[in-house]
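One structure below.
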There are 2 protein chains.
Amino acid sequence: MQDVAETRARFIELIGMVTQAEGLPRISGRILGLLIFDGRAYSFGDLARELQVSRGSISSNARMLAERGAIERIARPGDRQDYYQIRENPYDTFLKGIAARAEKTAQDIAQLAGQLPEGMGETTARVRDYAFFYKVLAEGILIASEKVGSKPDN
Amino acid sequence: MQDVAETRARFIELIGMVTQAEGLPRISGRILGLLIFDGRAYSFGDLARELQVSRGSISSNARMLAERGAIERIARPGDRQDYYQIRENPYDTFLKGIAARAEKTAQDIAQLAGQLPEGMGETTARVRDYAFFYKVLAEGILIASEKVGSKPDN
DNA sequence: CAGTTTGTTCAGTATTGACTGAACGTAATA
DNA sequence: TATTACGTTCAGTCAATACTGAACAAACTG
């Protein structure tokens, strides 16, 4: 059993790294990690203070996360600051977003395959295989999004 | 029905962009696109010539793709050059790699959750939810990898 | 053996994009 | 109205990394 503060810090940094590996800014992941771990709303200013980053970064990253449906901005009566908290079940939204991207890629490739002449059956088949790969990937992720609503008792 | 050469060029560039969006070098994707489209083996030197990139880039990117199981290096009798061609079904390998990464992430997070004290049940639950998200993602992708062997007649 | 071809390595360059912080507009407050 | 608090924007900086190309070692050729 280790120090909670250290585990908390490690979690926040881990989510930051994971998020970065997925092509999003690291600060986005750190905001996410903080809000998930503490499970409460943070004010705009507190986010910047807690994560030691500029207010400009909080502005752009929090907005992006809110647009993606990961977090939500809430107002508090008698407080002019914006507050952010984690969404009820953000993971479903995550998965649907990833699946949509894969589906889009599949369609882009299939569209090119459709432009090839009749005589190039082999080539067309190979290109379609690649499109099929992304289509199947999207389907698999959608299957995951159905499961993610269930309880994590594994 | 457009010019095949243009469709070919577009396909190669598209795969390059897609691959880049997934965190790999764009040249890796262009090698992949070329080998998929033409469906034949290319020599090391021809790859550099066809894609207009340095031999150093071919060296590192082709090696990475071969290590990941996407392409294979083959030798031709009486030719000192290395030849590369697309693997029989590279997509299965792709998907398994992606799934393995997600599984690893799930375990990393779950390991942190296990370090939290008894009293922090709510926090532990939230962290486990996040781990569960990655676990379910990995499972969904594995399901996809089973489908990818079947024919793409959609 | 000298000369050529081939792939690798690595230092340097270029590029991409995240991040900062100051300037700004807006809205609340006194 | 003046002042303060707040979030956004954007030009500039910084860091990470893809890419180049020359130097190199190894293996082949004559």
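Proteins get letters first, then strands, A, B, ... in listed order; numbering begins at 1 in each. Nothing here was measured: the structure is a model prediction, and the numbers come from that model.
OP1 and OP2 of dG7(C) both lie 4.0 Å or more from every side-chain N or O belonging to Ser59(B). Residue Ser54(A) has no polar side-chain atom (N or O) positioned under 4.0 Å from OP1 or OP2 of dG21(C).
The side chain of Pro25(A) has dC19(C) as its nearest neighbour among dG21(D), dC19(C), dT8(D). The side chain of Arg73(B) lies closest to dG7(C) when the candidates are dC6(D), dG7(C), dT8(D).
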May I have the step-by-step check of side chain to side chain donor-acceptor pair (under 3.5 Å) for Gln107(A) and Glu103(A), ending in yes or no? CA-CA 6 Å; Gln107(A) 285 175 3; Glu103(A) 177 67 33; 3.2 Å; yes
Would you sort out whether Arg126(B) and Asp129(B) count as a salt bridge (charged side-chain N to carboxylate O under 4.0 Å, His left out), showing the intermediate values? CA-CA 5 Å; Arg126(B) 282 192 303 275; Asp129(B) 278 354; over 6 Å; no
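In this structure, Arg55(B) atom CZ and dA26(D) atom C1' are separated by 13 Å, rounded to whole Å. Protein atom CG of Asp46(B) is 15 Å distant from nucleotide atom P of dT5(C), rounded to whole Å. Taking atom CZ on Arg26(B) and atom C1' on dT15(C), their separation rounds to 11 Å, with Å as the unit. Atom CD of Gln20(A) is separated from atom C1' of dA15(D) by 11 Å (rounded to the nearest Å). Atom pair Arg49(B):CZ and dG7(C):P shows a separation of 11 Å (rounding to whole Å applied). Following rounding to the nearest Å, Met17(A) (CE) and dA16(D) (P) show an atom-to-atom distance of 10 Å. Regarding Tyr84(B), its OH atom lies at a distance of 14 Å from the P atom of dT6(C), rounded to whole Å. One can place CZ of Arg76(A) at 13 Å from P of dG7(D), the figure rounded to the nearest angstrom.
Under the 6.0 Å cut-off for aromatic ring centres, Tyr130(B) and Tyr91(A) qualify, their centroids lying closer than that. For an aromatic pair to be called close, the ring centres must be under 6.0 Å apart, and Phe133(A) with Phe94(B) satisfies this.
Between Ser43(B) and Asp79(B), the closest side-chain pair of non-hydrogen atoms is not below 4.5 Å.
Of the two residues contacting DNA chain D, namely Arg63(A) and Arg80(A), the nearest-nucleotide position lying further toward the 5' end is that of Arg80(A).
Contact annotation for Ile27(B): backbone-only contact, meaning every heavy-atom pair under 4.0 Å involves sugar-phosphate atoms and none involves a base.
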